[in-house]
> 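Following this message is one structure expressed as structure tokens.
Only a predicted model underlies this, so the values are computations on that prediction, with no experimental measurement involved. In the text below, chain A, chain B and the rest are named by the order of the sequence lines, each starting its count at 1.
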Amino acid sequence: SVPFSVLKCHAYPIKTSFPLEDVIESQQFNRDLLNGIFEVAQDMEAIERDASSPGSSMLKGYLMATLFYEPSTRTRLSFESAMKRLGGEVLTTENAREFSSAAKGETLEDTIRTVEGYSDIIVLRHFEGGAAKRAAATAKIPVINAGDGPGQHPTQALLDVYTIKREIGRLDGIKLGLVGDLANGRTVRSLAYLIAMYPDIKIYFVSPDVVKMKDDIKDYLTTSGVEWEESADLLEVASKCDVVYQTRIQKERFGERIDLYEAARGKYIVDTKVLNVMQKHAVVMHPLPRLDEITVEVDNDPRGAYFRQAKNGLYVRMALLKLLLLGW
Amino acid sequence: SVPFSVLKCHAYPIKTSFPLEDVIESQQFNRDLLNGIFEVAQDMEAIERDASSPGSSMLKGYLMATLFYEPSTRTRLSFESAMKRLGGEVLTTENAREFSSAAKGETLEDTIRTVEGYSDIIVLRHFEGGAAKRAAATAKIPVINAGDGPGQHPTQALLDVYTIKREIGRLDGIKLGLVGDLANGRTVRSLAYLIAMYPDIKIYFVSPDVVKMKDDIKDYLTTSGVEWEESADLLEVASKCDVVYQTRIQKERFGERIDLYEAARGKYIVDTKVLNVMQKHAVVMHPLPRLDEITVEVDNDPRGAYFRQAKNGLYVRMALLKLLLLGW
Amino acid sequence: SVPFSVLKCHAYPIKTSFPLEDVIESQQFNRDLLNGIFEVAQDMEAIERDASSPGSSMLKGYLMATLFYEPSTRTRLSFESAMKRLGGEVLTTENAREFSSAAKGETLEDTIRTVEGYSDIIVLRHFEGGAAKRAAATAKIPVINAGDGPGQHPTQALLDVYTIKREIGRLDGIKLGLVGDLANGRTVRSLAYLIAMYPDIKIYFVSPDVVKMKDDIKDYLTTSGVEWEESADLLEVASKCDVVYQTRIQKERFGERIDLYEAARGKYIVDTKVLNVMQKHAVVMHPLPRLDEITVEVDNDPRGAYFRQAKNGLYVRMALLKLLLLGW
């Protein structure tokens with residue numbers, strides 16, 4: 001189990017029973033905490049379905065600032081929907097990098113000290129790794145990391161684990177196939193990290209050679225007692241797994257080597273052939289956006305879970321907003 | 001009368017008595033439906049004036065996503081005001097084309113399936129004709145087309161007809177002068193289409209030769225029993241009409257032929273000379289924005305109806321949001 | 001005392017007891033009016049701290065449009081937070097210049113006449129001096145100037161004076177050091193103008209030669225009976241003042257003369273040496289954003305008042321929204 005990082009010493013600590021003051025990185029979570037968050041997330045499903053329930057106004061009077069230095073419509077709308085589904089209000093910036101004082105040379109810390117005067121919680125998306133930690137160290141109000149460059153995107157990791165639990169019914173003994181860009185994918189790295197907390201996990205890595213999983217995660221899994229292996233046979237892996245987690249090959253990582261990109265991109269596609277060998281209870285996940293690494297036929301199969309996964313992002317973010325502002 | 005297009009088969013059909021699940025194109029409307037919508041729109045005028053009326057919170061708990069792939073501040077603010085005047089909430093994107101996953105190659109359908117998880121109704125503005133129909137076919141929640149490229153902009157067409165009704169007091173027997181860019185103007189084409197449903201309509205086309213009304217609409221009017229004629233004499237037409245509907249000559253349609261643009265632009269101006277021949281009950285309309293095709297002197301005459309027309313967009317959109325979400 | 005400018009004749013005058021219909025320029029304010037606004041601003045501090053107080057919903061049902069033709073995230077978020085802390089709602093544009101009909105050649109007046117149909121109060125940021133006055137002359141609803149190019153930024157001036165009052169406890173007999181870019185700084189010019197209404201004021205100008213305070217303000221101060229002097233010795237000035245008001249040297253004013261900019265920029269820095277000579281009750285202010293003209297060590301000293309000053313912008317804007325929409 002991973003100890004909580006104490007990221008800051010609040011001048012005026014928020015008095016809630018929730019052990020975290022900010023959500024910055026996956027390392028802040030252990031199994032008990034994840035289980036607690038997931039229970040709240042599941043309660044949120046009922047609140048979202050019924051706008052007249054008392055829970056729908058639990059954050060009335062609270063103001064969330066979404067400070068996005070890098071546009072990400074999906075993540076922003078998901079957080080803003082989460083806040084509004086709980087009766088809270090939102091201040092929004094779609095492109096803080098271009099439109100704000102950052103363009104005049106203001107430090108992130110100064111921006112945070114201003115914005116914390118106008119809001120109750122800050123959701124930060126930034127292009128620099130470590131930005132969220134710096135923001136949290138400055139702010140007296142809670143900060144949620146909505147992705148900081150090559151760094152972390154912890155709410156994505158939480159929603160991925162939550163989705164496995166909701167789709168498969170458990171987290172122990174999961175067989176997980178990670179497919180696609182495993183070298184650059186922030187998502188698969190965080191997911192491997194979190195799932196390693198559970199017993200009897202088996203992970204298969206299926207990726208083109210140029211974007212293989214890096215040694216740090218492999219070493220971490222080995223140390224944590226997680227079985228893993230690399231495979232070039234997607235069909236065989238798919239037939240064994242509970243979850244096939246596909247990812248997009250990111251063109252921008254290949255620079256001028258378009259030939260390498262094209263080769264990598266076409267190598268492992270999840271299509272009906274893959275579906276046909278998968279078990280009935282198994283699911284296909286994807287952090288989205290997808291290009292053609294999952295064919296659209298898969299959308300119509302109940303095992304295509306990626307849009308439900310996106311929706312789970314709403315519930316997990318509702319839970320985190322509730323917990324950071326109101327406690328358990 | 002035009003049959004309703006059945007645009008999609010909802011997996012979970014919304015149970016309202018309103019016959020439309022989405023608002024995508026003018027062809028969805030017939031006279032009875034327009035009359036019903038206009039009655040609701042008129043009720044909305046009272047609700048908008050009195051924020052303490054119960055109607056002002058009829059959409060409390062509902063969340064509208066304005067997904068704008070092409071910026072259009074006027075249309076966006078009008079929809080967002082409509083939603084908020086009824087107590088609803090808004091998730092907004094000012095420039096989804098640049099800022100969203102579309103830039104990474106995500107399909108519109110995938111974006112819609114994600115955003116429908118975060119909201120209750122989607123207002124879509126897109127740069128491609130047919131985009132709204134594709135979105136509606138995908139979404140399980142209602143979609144309103146707020147303009148899709150060279151395609152349709154049905155709420156503009158509705159507010160134009162509503163304005164004629166409110167200003168002139170009827171829709172039967174209207175004499176309508178369409179002036180300016182009739183070749184490229186989406187607005188005048190849709191208006192001609194809708195007004196043709198009413199009896200005893202007479203339409204005059206007044207436009208520079210390079211931007212004359214196209215044959216498809218002329219043929220449609222003839223088939224529908226609508227009298228129409230072309231004229232080069234704006235003063236004569238203005239003296240006969242109930243409504244002079246002026247439009248902007250769109251520079252971007254002329255490419256490098258700035259000479260043709262300048263000639264077309266200056267040819268038919270609505271000014272005090274035109275006002276002086278107009279009847280007392282007649283009005284000047286314009287979809288806005290205007291450049292100098294209506295002089296500012298006309299603003300001060302009670303027959304200058306274009307800002308009231310813009311305001312009517314609010315009432316019509318309030319009505320559509322109410323009807324799509326709550327039914328009659 | 002300065003007479004109120006009567007900026008427009010409302011067709012339907014808003015019936016409130018507040019003497020201003022719009023907030024456009026510092027010249028609209030006199031001492032009595034400032035005192036009244038500051039009392040309301042102080043009440044707002046309590047409302048902001050307690051979201052369950054009745055005051056937190058005093059603007060329920062009101063809709064503010066933030067029409068920003070020039071991005072300014074700090075100012076925009078501050079206004080939007082102010083509106084939401086009072087229970088009001090917001091329509092927002094982050095970049096109206098690029099995204100709106102202005103790009104198609106629509107006049108500001110036409111935009112205003114449209115937007116006033118969708119909202120109850122307009123907050124305008126514009127790149128042209130005089131834009132706010134033109135907007136106010138057009139609109140039937142209140143307009144607040146949130147900065148118009150080289151023109152005015154009256155709410156910044158009000159929050160500066162309010163901060164002096166809150167920090168020092170009075171406005172009479174203040175000794176004020178204005179430091180940095182005094183030639184181009186809209187802020188320091190407005191502050192000098194407003195503070196001159198109070199008795200026994202002494203102002204010190206400390207600036208590099210290339211950006212010295214201009215004669216118009218010096219003449220105005222002399223005429224108003226305010227003592228002022230120029231000094232090149234920041235330490236001596238700091239030791240005498242109640243308020244050291246530092247400003248950023250604006251690189252964009254120097255064009256290609258980077259050498260002049262660098263020389264000016266490094267000349268007067270507020271650091272611990274300055275703090276050490278300042279009196280215990282004195283404070284350092286800055287309109288933000290700052291670069292390195294105040295070192296970060298000063299942030300930790302209670303006399304560093306600039307983030308409290310930014311927060312005071314919230315209270316002053318809450319007060320103005322309340323007063324313009326509801327009256328005293």
Side-chain angles (χ1 to χ4, degrees), chain B residues 47-53 56-57 66 68 70-90 92-95 97-99 248-252 265 286-294 296 299-300 304 306-315 317-318, chain C residues 9 11-12 57-69 71 73 76 80 83-84 86-125 134 137-141 325-326:
Chain B
I47 289 173
E48 191 247 0
R49 270 193 304 273
D50 178 11
S52 65
S53 72
S56 294
S57 54
T66 45
F68 273 50
E70 186 182 67
S72 173
T73 302
R74 182 190 313 279
T75 303
R76 184 173 62 81
L77 294 188
S78 164
F79 270 108
E80 295 183 0
S81 180
M83 191 66 183
K84 294 192 172 184
R85 290 299 191 197
L86 294 174
E89 276 290 339
V90 173
T92 190
T93 61
E94 201 162 357
N95 191 355
R97 186 180 198 169
E98 187 184 336
F99 290 166
R248 181 171 65 93
I249 307 284
Q250 297 174 54
K251 192 176 184 181
E252 54 272 30
R265 177 183 173 182
H286 190 299
L288 304 179
R290 100 177 126 175
L291 300 186
D292 49 13
E293 63 274 5
I294 300 178
V296 291
D299 301 3
N300 300 319
Y306 27 98
F307 293 116
R308 295 193 295 274
Q309 180 185 358
K311 179 89 184 216
N312 285 336
L314 180 69
Y315 304 131
R317 285 160 186 146
M318 289 170 79
Chain C
C9 179
Y12 308 103
S57 54
M58 65 166 72
L59 295 185
K60 189 171 180 323
Y62 287 92
L63 205 40
M64 175 181 95
T66 44
L67 207 55
F68 273 50
Y69 283 80
T73 301
R76 183 172 63 80
E80 295 184 0
M83 191 66 182
K84 294 192 173 186
L86 294 173
E89 276 290 339
V90 173
L91 302 176
T92 191
T93 62
E94 201 161 356
N95 191 354
R97 186 179 200 170
E98 187 184 335
F99 291 165
S100 77
S101 296
K104 295 177 186 157
E106 184 175 66
T107 63
L108 176 63
E109 282 80 359
D110 276 17
T111 303
I112 293 291
R113 291 195 68 172
T114 303
V115 173
E116 72 176 338
Y118 304 152
S119 57
D120 301 303
I121 188 165
I122 292 172
V123 176
L124 179 74
R125 173 92 167 198
R134 286 166 51 209
T138 300
K140 293 189 186 73
I141 62 174
L325 289 167
L326 304 180

> Can you tell which of Arg290(B), Arg85(B), Lys311(B) has the highest number of heavy-atom pairs within less than 4.5 Å of chain C?
Arg85(B)
> For Ser119(C), is it the side chain, the backbone, both, or neither that has a heavy atom closer than 4.5 Å to a heavy atom of chain B?
backbone
> If you tally heavy-atom pairs under 4.5 Å against chain B, which of Val90(C), Thr107(C), Val115(C) wins?
Val90(C)
> Below 4.5 Å from any heavy atom of chain C, which atoms of Gln250(B) appear? Answer side chain, backbone, both or neither.
neither
> Please rank Ser52(B), Gly313(B), Ala51(B), Pro289(B) by heavy-atom pairs under 4.5 Å with chain C and give me the top one.
Pro289(B)
> With a 4.5 Å limit on heavy-atom distance, are the side chains of Glu109(C) and Asp299(B) in contact?
no
> What distance do Glu116(C) atom CD and Phe307(B) atom CZ have between them, rounded to the nearest 0.5 Å?
8.5 Å
> Under a 4.5 Å cutoff for heavy-atom pairs, which residue among Leu314(B), Leu288(B), Leu291(B) has the most contacts with chain C?
Leu291(B)
> How long is the span from the OG1 atom in Thr114(C) to the CZ atom in Arg74(B), to the nearest 0.5 Å?
4.0 Å
> Which region of Ser56(B), side chain (C-beta onward) or backbone (N, CA, C, O), has a non-hydrogen atom less than 4.5 Å from a non-hydrogen atom of chain C, or is it both or neither?
neither
> Please look at Ala310(B) and chain C and tell me whether the side chain, the backbone, both or neither of the residue comes under 4.5 angstrom of a heavy atom of that chain.
both
> Under 4.5 Å heavy-atom distance to chain C, tell me which part of Glu252(B) shows up: side chain, backbone, both or neither.
neither
> Under 4.5 Å between any side-chain heavy atoms of Lys104(C) and Lys251(B), yes or no?
no
> If the condition is salt bridge (Lys or Arg N to Asp or Glu O under 4.0 Å), which residues does Arg76(C) pass it with, not counting sequence neighbours?
Glu80(C), Glu94(C)
> Please look at Arg248(B) and chain C and tell me whether the side chain, the backbone, both or neither of the residue comes under 4.5 angstrom of a heavy atom of that chain.
side chain
> Run the side-chain hydrogen bond (donor to acceptor under 3.5 Å, both in side chains) test against Ser57(C) and tell me which residues pass, sequence neighbours left out.
none
> For Ser81(B) and Leu91(C), work out which heavy atoms get closest and say how close.
N-CD2, 3.6 Å
